[in-house]
Amino acid sequence: MTRETYTNPVLNADWSDPDVIRVGDDFYLTASSFGRVPGLPLLHSRDLVNWTLVGHGLQRMEPAREFRSPRPDRGVWAPALRYHDERFWIFWGDPDQGIFQINAPEIRGPWTRPHLLKEGKGLIDPCPLWDEDNDEAYLVHAWAKSRAGINNRLTGHRMHPDGATLLDDGKVIVDADHIPGWFTLEGPKVHQHDGWFWIFAPAGGVGTGWQGAFRSRGFFGPYEERVVLEQRGTDVNGPHQGAWVRTPSGEDWFLHFQQRGAYGRVVHLQPMRWGDDGWPVIGDAGAPVAAHRKPDLPPQPSAAPATDDNFPGGRYGRQWQWTANPQDGWATHHSGDGLRLTCARTANAHDLRKLPNLLTQRLPGTPVAVEVELRLHSEELGARAGLAVLGDAYSWIGLQRGADGEARFVHRFAEPVAERERDAGESCLAPEGRVRLRIEIGAGARCRFCYDVGGGPPRPSGQVFAATPWRWVGALLGLFALAPVGTGHAGAAVFTRFRISSLH
């Protein structure tokens with residue numbers, strides 16, 4: 001019987017820098033989360049095609065003082081997920097602090113507090129390897145030129161098998177400055193196979209590069225290299241930085257990302273085999289495939305990370321992340337449905353990019369309509385709440401309490417270099433402080449904002465807004481409530497029936 005096929009990307013949203021492992025019949029994936037909280041998303045699959053979000057490994061960013069406000073270009077970069085000694089392990093680099101590690105007996109935790117394994121600027125993309133045959137452990141990492149002044153090289157260490165200590169000062173094991181045409185070598189994942197140490201590592205930049213493979217008989221080299229995946233004549237630009245994983249039946253697969261502008265880094269699944277010369281062959285002879293037969297695994301129902309939310313009891317689903325470490329009282333639990341966000345007082349009401357209390361989820365990679373119902377429970381003049389598309393530029397629609405005391409529908413936007421937002425459409429009264437908000441996101445992440453304050457069909461507002469990425473992440477959908485600086489409680493906003501549906 002012919003196996004069913006799948007179509008790439010298998011995760012069509014910003015699951016940046018994926019790493020994947022298999023434990024028994026289960027596959028687990030983690031990805032970069034940068035400064036958003038909770039961090040280190042944890043996804044589960046039984047067939048490498050259908051994935052669900054099952055939790056996060058990091059509940060707060062540390063040190064807490066560094067993440068009191070949004071840090072979209074800092075935090076968790078390119079984690080490595082491994083299973084060793086009946087524990088799950090995640091290593092990641094914070095480019096401003098160093099290499100961290102956490103571990104847990106189960107994928108859902110409890111996870112240990114972050115342990116700083118190697119302190120320093122520009123230390124990124126770490127990956128451990130436990131050599132079970134020789135009772136040795138190693139760590140490899142890359143460098144961020146923006147912090148360290150160097151890049152395009154990989155450094156290796158001996159590591160204590162407990163994963164808590166490095167045993168040497170490190171040695172450059174691959175210097176791509178000596179490989180003609182190679183630049184920005186990063187994202188190493190280290191394995192052992194067929195008597196070789198293998199490092200899968202991309203180069204050439206996220207939008208234009210390729211996936212390399214390196215092999216050596218010893219961990220510290222010397223390594224020989226080969227390009228094993230590149231764009232060729234496909235529309236998959238810069239295919240790289242991913243994970244090799246083997247199924248129980250012995251099939252090999254490779255998951256990697258593709259940078260897609262405002263959509264962020266979406267995840268593709270490529271077939272992989274070992275050639276007669278012992279080198280990996282990924283995709284269609286080194287070019288990405290758009291579709292392929294599914295892995296030889298038991299059929300699974302269609303699944304994807306959740307997006308919709310009824311907010312039962314005021315609780316939000318796993319798909320939501322704050323733009324900084326949360327504070328008590330931002331979201332209030334209650335007996336009904338609906339997300340009750342406190343109108344947090346802030347001096348940054350003019351710029352959503354500076355708000356830590358913005359609850360976000362990833363922008364879907366296909367044309368969709370996003371809807372949510374909003375009621376503003378605040379009499380504070382200037383209090384506002386809404387639905388945003390957030391990036392280097394942003395736009396939002398929602399409600400604001402005007403100088404006349406009335407709740408009004410408003411539409412605002414801010415350009416990438418602007419320090420303050422401005423009106424993007426006409427405002428109108430919102431009876432009883434209620435509105436239904438809708439954003440239709442078409443091809444190219446072009447967003448049409450719509451609203452309904454009287455129970456009729458949604459009306460368009462303003463011009464089409466082209467979403468933009470935000471530093472290292474794709475654009476985000478966000479819910480927020482705020483009030484100007486002042487004293488006392490400023491009220492709240494309630495969001496209900498958050499829905500994302502296909503526009504096709």
Side-chain angles (χ1 to χ4, degrees), residues 307-317 319-320 322-323 330-334 336-346 349 352 355 357-361 363 368-390 394-402 405-413 421 423-441 447-462 465 476-484 489-501:
T307 56
D308 295 356
D309 207 339
N310 286 327
F311 308 110
R315 294 169 173 83
Y316 48 86
Q319 67 268 34
W320 297 96
W322 299 100
T323 48
W330 282 356
T332 306
H333 296 168
H334 53 91
D337 288 346
L339 176 68
R340 188 188 301 272
L341 291 183
T342 298
C343 292
R345 294 191 180 277
T346 176
L352 299 188
L355 287 187
N357 58 309
L358 202 147
L359 193 61
T360 68
Q361 63 169 281
L363 188 75
V368 297
V370 182
E371 288 193 345
V372 69
E373 297 173 13
L374 166 64
R375 183 164 186 179
L376 184 62
H377 294 277
S378 173
E379 301 302 319
E380 185 84 8
L381 300 187
R384 68 202 70 167
L387 168 65
V389 177
L390 184 74
Y394 73 82
S395 189
W396 68 274
I397 48 177
L399 296 177
Q400 179 169 331
R401 187 69 64 181
E406 298 288 346
R408 305 185 71 89
F409 166 80
V410 294
H411 182 185
R412 303 268 168 74
F413 85 104
E421 64 187 27
D423 289 335
E426 297 293 329
S427 67
C428 66
L429 288 175
E432 300 181 350
R434 294 176 180 268
V435 67
R436 181 160 59 101
L437 305 172
R438 178 181 172 91
I439 306 176
E440 297 175 356
I441 306 173
C447 306
R448 169 65 75 186
F449 291 81
C450 307
Y451 69 100
D452 162 36
V453 295
R459 299 174 54 187
S461 175
F465 170 76
L476 299 167
L477 299 171
L479 304 175
F480 70 93
L482 62 85
H489 184 66
V494 176
F495 297 86
T496 54
R497 292 183 53 78
F498 183 91
R499 296 287 183 272
I500 297 181
S501 57

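Just so you know, residue 1 is the first one in the sequence shown, and it goes up from there.
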Using only atom types and a distance under 3.5 Å, with no angle test, would you say the side chain of [X] pairs donor to acceptor with the backbone of [Y]?
| X | Y | result |
| --- | --- | --- |
| D308 | I500 | yes |
| R497 | D309 | no |
| R384 | G382 | yes |
| T323 | L355 | yes |
| S395 | R412 | yes |
| E373 | T496 | no |
| Y451 | S461 | no |
| E379 | G491 | no |

* Asked: Taking 4.0 angstrom as the limit, do D452 and R459 come out as a salt bridge?
  ->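 Looking at R459 together with D452, the answer is no, because their closest N to O distance does not fall below 4.0 Å.
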
* To do: Answer yes when R438 and E371 have at least one side-chain N-carboxylate O distance shorter than 4.0 Å, and no when they do not.
  =>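 Counted as a salt bridge, because a side-chain N and a carboxylate O are separated by less than 4.0 Å.
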
[Y] side chain reached by [X] side chain, heavy atoms, under 4.5 Å:
| X | Y | answer |
| --- | --- | --- |
| L482 | C343 | no |
| R375 | R434 | yes |
| C447 | V370 | no |

With rounding to the nearest 0.5 Å, note down the distance linking [atom1] in [X] to [atom2] in [Y].
| X | Y | atom1 | atom2 | answer |
| --- | --- | --- | --- | --- |
| Y316 | F498 | OH | CZ | 14.5 Å |
| L358 | W396 | CG | CH2 | 11.0 Å |
| L437 | F409 | CG | CZ | 7.0 Å |
| F495 | L359 | CZ | CG | 9.0 Å |
| F465 | I397 | CZ | CD1 | 12.0 Å |
| L477 | Q361 | CG | CD | 6.0 Å |

* To do: May I ask you to decide if the ring planes of H411 and F449 are parallel, tilted or perpendicular, using 30° and 60° as cut-offs?
  =>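 Answer is tilted, since the angle falls between 30° and 60°.
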
* Asked: Relative to the ring of W320, is the ring of F311 parallel (under 30°), tilted (30 to 60°) or perpendicular (over 60°)?
  ->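 Taking W320 first and then F311, their aromatic rings sit tilted (interplane angle of 30° to 60°).
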
* Asked: What residues form a side chain to side chain donor-acceptor pair (under 3.5 Å) with R499, not counting sequence neighbours?
  ->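 Only N310 meet the side chain to side chain donor-acceptor pair (under 3.5 Å) criterion with R499.
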
* To do: Sequence neighbours left out, what passes side chain to side chain donor-acceptor pair (under 3.5 Å) with S378? Give chain and number order.
  =>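 Scan of S378 (side chain to side chain donor-acceptor pair (under 3.5 Å), adjacent residues dropped) gives none.
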
* To do: Over all heavy atoms of both residues, which pair between R448 and G462 is shortest? Give the atoms and the distance, please.
  =>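 Closest approach of R448 to G462: NH1-O, 2.7 Å.
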
* Asked: Of the non-hydrogen atoms in A407 and R401, which two are nearest, and what is the gap between them?
  ->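 Heavy atoms only, the tightest pair is N-NH1, 3.4 Å.
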
Would you list the atom pairs, donor with acceptor, under 3.5 Å between side chains in residues 424-432 and any protein atom, with sequence neighbours excluded?
none

